[in-house]
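Some notes on the structure that comes next.
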Protein chains: 2
Amino acid sequence: MITFEKFTMDDSGPIYGQIVRYVKRGIVAGRIENGDEMPSRRVLSATLGVNPNTIQKAYRMLEDEGIIQSHAGAKSYVVLDEAKVEAIREELAENDIGAMISALKQSGLTREEGLELIGRLWKE
Amino acid sequence: MITFEKFTMDDSGPIYGQIVRYVKRGIVAGRIENGDEMPSRRVLSATLGVNPNTIQKAYRMLEDEGIIQSHAGAKSYVVLDEAKVEAIREELAENDIGAMISALKQSGLTREEGLELIGRLWKE
DNA sequence: AAAACTGTATTATTTGAGTAATACAGTTCC
DNA sequence: GGAACTGTATTACTCAAATAATACAGTTTT
């Protein structure tokens, strides 16, 4: 069973998007694997203090991307193969790192200045 | 006169926030300096294709942070000293880089893996 | 002085995100 | 088989963001 701690979600943007990203990052990090059981909409709703409809919206998006499978009445499961995981890994890196690079460029930092600053701020 | 190209604003979140960030990045990058004249609300509204009220909200925030000055009827001007610029520089780095680091950590990357990947994706 | 700009303020409307409260049908489990 | 779970769907409501359409008073500019 995948565990969602009470609001790891401190990102930006809509909550359902944050949940989708949280799951994808969990997959890439190996915390979530093929065959894992998703918490029910109601349970996750209570855990995160978020409306069931919002959870359903996130789950629907995950299903549309082929990451989970839902059958009416039964529990929902994670469905993954190595290719999918790799695709998600690249999508996340592209998004997270790409956004920062374009922000730092807009701030006038060169590649070397940027890398130096990141290295200094990332103290594990 | 500060120039806003037709939608450099492809960020996320409210438009007024994007405008505020755009100005701050311009300041840090040296594109915007003390004494610079801001485009009028109406002009920027037309340039960006955004409602005047939304522009006014952004300008109000900039004024509240002491970055611009507005006097009813007259044009608005940028007001900066070196200390302010440095404060903005640190705020932006903290935000942009901090967000990415916490995202990459959540994806399970170590500091070394992260820095290596960023270096590879940032091809100037 | 008059025209053409400025900033500022107000009211109404639309849209998307999120909440709230149910309802229903399918499944799991004892 | 019945209870207790599942996923799914619907309708109504609130709220913030953004738009739209003005209006007014102060400033530049000619």
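Regarding contacts with the backbone of D:dT6, a side-chain N or O of A:Ser40 is found under 4.0 angstrom from either OP1 or OP2. Within the structure, every side-chain polar atom (N or O) of B:Ser70 is placed at least 4.0 Å from both OP1 and OP2 of C:dT6. A sub-4.0 Å separation between OP1 or OP2 of D:dT6 and a side-chain N or O of A:Ser76 is absent.
Distance CG (B:Leu44) to C1' (C:dG7): 14 Å, rounded to an integer number of Å. Note: CG (A:Leu62) to P (D:dG7) measures 13 Å, nearest angstrom. Computed from coordinates, the B:Gln69 CD to D:dG26 P distance equals 19 Å when rounded to whole Å. Distance CD1 (B:Ile15) to C1' (C:dG16): 13 Å, rounded to an integer number of Å. Here the P atom of nucleotide D:dT6 and the CD1 atom of A:Ile55 are 13 Å apart, to the nearest Å. Look at CG on B:Asn51: it is 13 Å from C1' on C:dA12, rounded to the nearest Å. To the nearest angstrom, P of D:dA20 lies 17 Å from CD of B:Gln56. As rounded to whole Å, 11 Å separates atom P of D:dT8 from atom CZ of A:Arg42.
Between A:Pro52 and B:Arg60, the residue anchored nearer the 5' end of DNA chain C, judged by the nucleotide with its closest heavy atom, is B:Arg60. Between A:Gly73 and A:Gly17, the one whose closest nucleotide on DNA chain C sits nearer the 5' end is A:Gly17.
The side-chain heavy atoms of A:Glu33 and A:Leu80, taken from C-beta on, include no pair separated by under 4.5 Å. With a 4.5 Å cut-off on side-chain heavy atoms, B:Trp122 and A:Lys105 count as touching. At a threshold of 4.5 Å between non-hydrogen side-chain atoms, the residues A:Val79 and A:Lys84 count as touching.
Expressed to the nearest 0.5 Å, how far CD1 of B:Ile27 lies from CZ of B:Arg25 amounts to 12.0 Å.
No more than 12 heavy-atom neighbours from other residues, nucleotides or ligands sit within 6.0 angstrom of CD on B:Glu94.
Among the protein residues, A:Tyr59 comes within range of no part of the nucleic acid, since none of its heavy atoms lies under 4.0 Å from any strand.
Minimum atom distance to the side chain of B:Asn53 is reached by C:dA9, of the listed C:dA9, D:dA17, C:dT8. If you check D:dT8, C:dT8, C:dT6 against the side chain of B:Arg41, the one that comes closest is C:dT8. Out of D:dT19, D:dG7, C:dG7, the shortest distance to the side chain of B:Val50 is found at D:dT19. Of the listed nucleotides (C:dA17, C:dT6, C:dT19), C:dA17 has the atom at the smallest distance from the side chain of A:Tyr16. Across C:dT6, C:dT8, D:dT28, the shortest atom-to-atom separation from the side chain of B:Ala74 is found for D:dT28.
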